[in-house]
Amino acid sequence: MARFEHTVTVAALDRHWFEEAAGAVVDLFEGSREQGGAILLPDGRPVHGLRLLKGRHLQPGARYGEAPEEDGKPGATDAPVASGPAGAPVVQEATVLREWRPSRTVEVESLMAEESLSVRVGVRLREPRTPRALEVSLDGHNPKGGSLYRFSGRARADLHAWWAALDRPSSAPPAARAPVVGRAVHRLAKARLTVTPRPADDGSWQVSVVLSVRGRWLLRPVAAVALVFVRKPVERGFREGVDSAAEEWAEMLAELPSLHGEALRAQIADELTAP
């Protein structure tokens, strides 16, 4: 098994602002309605790039997405078709709402399919108004390939555990259990990723990311030998990936509005409706 670890320091996200923003988004969609396929916010403005393609708005089984255009006119279908980089058709199935219970769970699922790759992604948010946990699943395969072209992944972020880890004194040891855990499985190998935060003395976050990779079945000794030769570039790529994610986090925080109450709700509505 190979184990890689890297720690970065990032600016903190205010929990109260995050939960207020999440609640505002949920309330805006809860108060929305459908008209001619368009999703209208409570103030009557349509959400940009989102249309109801099939089913009833905010009911299980409802399909959302952008309808394809034919001769400049939008149409409706379950599987919009676009053109890929090389001219090959790319089929993007609309997102399907599996559950809408804002006080308990919101769950959506989408499928992206093209000639050589089909990927299904599921996202479940528990207690959306004050998010408690985020769960993501991913399953992919090559429709024309065998088991070597199949992969899957699961990740869970326990947001209450995340905030609790950051409420500990900066001198305390890290949380015993990582609030964020992800697993990926392929026929040849499997990987486990954990993310654990701790507060820094200056109010920022120190985030430790650990990646463990191991071969499966009879390939374990083969993978162990291969890692002798590729460990350094893999470790370098892992560190660069974590550093890049930290930079993107900083850019995202810099763009977030420092608003509250109705001003924050109005700003979110503007972002949802802006072309």
Side-chain angles (χ1 to χ4, degrees), residues 8-34 38-50 57-59 62 64 95 97-108 110 121-136 155-170 175 178-181 195-207 245-275:
V8 292
T9 300
V10 300
L13 172 65
D14 181 77
R15 176 180 183 177
H16 299 295
W17 183 93
F18 169 72
E19 293 182 344
E20 183 181 1
V25 172
V26 172
D27 289 342
L28 284 169
F29 277 102
E30 177 72 0
S32 67
R33 68 185 189 279
E34 180 267 339
I39 305 303
L40 307 181
L41 294 184
D43 62 8
R45 289 183 294 170
V47 177
H48 178 69
L50 183 65
H57 181 47
L58 296 184
Q59 295 297 315
Y64 297 89
T95 297
L97 180 66
R98 296 301 183 193
E99 187 173 1
W100 178 264
R101 292 189 294 171
S103 61
R104 298 183 62 180
T105 306
V106 171
E107 182 177 358
V108 297
S110 63
V121 179
V123 178
R124 176 183 295 171
L125 184 61
R126 298 191 181 277
E127 299 183 21
R129 284 197 171 92
T130 54
R132 180 179 183 86
L134 176 66
E135 301 168 3
V136 179
R156 187 177 193 275
D158 185 334
L159 299 178
H160 279 202
W162 179 276
W163 299 119
L166 292 165
D167 284 339
R168 298 159 62 94
S170 58
V180 180
V181 179
V195 183
T196 306
R198 61 184 301 179
D201 292 333
D202 62 358
S204 59
W205 296 347
Q206 290 183 341
V207 181
E247 292 173 2
E248 293 178 3
W249 173 266
E251 293 174 359
M252 182 196 71
L253 285 189
E255 296 176 357
L256 293 179
S258 56
L259 302 172
H260 293 277
E262 286 302 317
L264 176 60
R265 178 187 173 94
Q267 178 65 36
I268 292 174
D270 289 343
E271 293 292 335
L272 290 172
T273 57

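Values in this document were obtained by computation on a predicted structure and should not be read as measured data. For reference, positions follow the sequence shown, starting with 1.
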In terms of heavy-atom contacts, Val10 and Trp249 come closest through CB-CD1, 3.7 Å
Any idea which heavy atoms bring Pro197 and Ala165 closest together, and the distance? O-CB, 3.8 Å
Rounded to the nearest 0.5 Å, how far does CD1 of Ile268 lie from OG1 of Thr273? 11.5 Å
Going by the angle between their ring planes, with limits at 30° and 60°, are Trp100 and Phe29 parallel, tilted or perpendicular? perpendicular
Supply the atom-to-atom distance Ser204 OG to Leu166 CG, rounded to the nearest 0.5 angstrom. 10.5 Å
Step-by-step side chain to side chain contact (heavy atoms under 4.5 Å, CB included) determination, Gln206 to Thr9: CA-CA 4 Å; Gln206 290 183 341; Thr9 300; 3.8 Å; yes
Could you please spell out the steps behind the side chain to side chain contact (heavy atoms under 4.5 Å, CB included) verdict for Tyr64 and Ile39? CA-CA 10 Å; Tyr64 297 89; Ile39 305 303; 3.8 Å; yes
Would Glu34 and Leu58 count as a side chain to side chain contact (heavy atoms under 4.5 Å, CB included) here? Give the steps. CA-CA 9 Å; Glu34 180 267 339; Leu58 296 184; over 6 Å; no
Taking all atoms of both residues into account, what is the closest heavy-atom pair of Pro128 and Ser103, and its distance? CD-C, 4.5 Å
With distance as the sole test, does Glu107 use its side chain to make a donor-acceptor pair with the main-chain N or O of Gly122 at under 3.5 Å? no
Contact summary for Glu30 and Pro102, nearest pair of heavy atoms: OE1-CG, 3.3 Å
Closest approach of Arg156 and Asp158, non-hydrogen atoms and distance? NH1-CB, 3.7 Å
With side chains defined as the heavy atoms from C-beta onward, is the minimum distance between Ser32 and Leu40 less than 4.5 Å? no
Sorted by chain and residue number, the salt bridge (charged side-chain N to carboxylate O under 4.0 Å, His left out) partners of Glu271 (sequence neighbours excluded) come out as none
Are the side chain of Arg168 and the backbone N or O of Pro199 linked by a donor-acceptor pair below 3.5 Å? no
Got a second to check how far Leu159's CG is from Phe18's CZ, nearest 0.5 Å? 5.5 Å
So that I can tick it off, tell me whether Arg126 and Glu135 are bridged by a salt bridge, with the cut-off set at under 4.0 angstrom between side-chain N and carboxylate O. yes
From Glu19 atom CD to Thr130 atom OG1, the distance as rounded to the nearest 0.5 Å: 5.5 Å
So Trp205 and Trp162, would you call those rings parallel, tilted or perpendicular, with 30° and 60° as cut-offs? perpendicular
I'd like to know whether CG of Asp201 has more than 12 heavy-atom contacts from other residues, nucleotides or ligands below 6.0 angstrom. no
How long is the gap from CD on Glu255 to CD on Glu251, to the nearest 0.5 Å? 7.0 Å
Side chain to side chain contact (heavy atoms under 4.5 Å, CB included) evaluation trace for Asp270 with Arg45: CA-CA 9 Å; Asp270 289 343; Arg45 289 183 294 170; 2.9 Å; yes
Do you know which two heavy atoms are closest between Asp27 and Arg265, and how far apart they sit? CB-NH1, 3.8 Å
How long is the straight-line distance from CD of Gln267 back to NE2 of His260, given to the nearest 0.5 Å? 13.0 Å
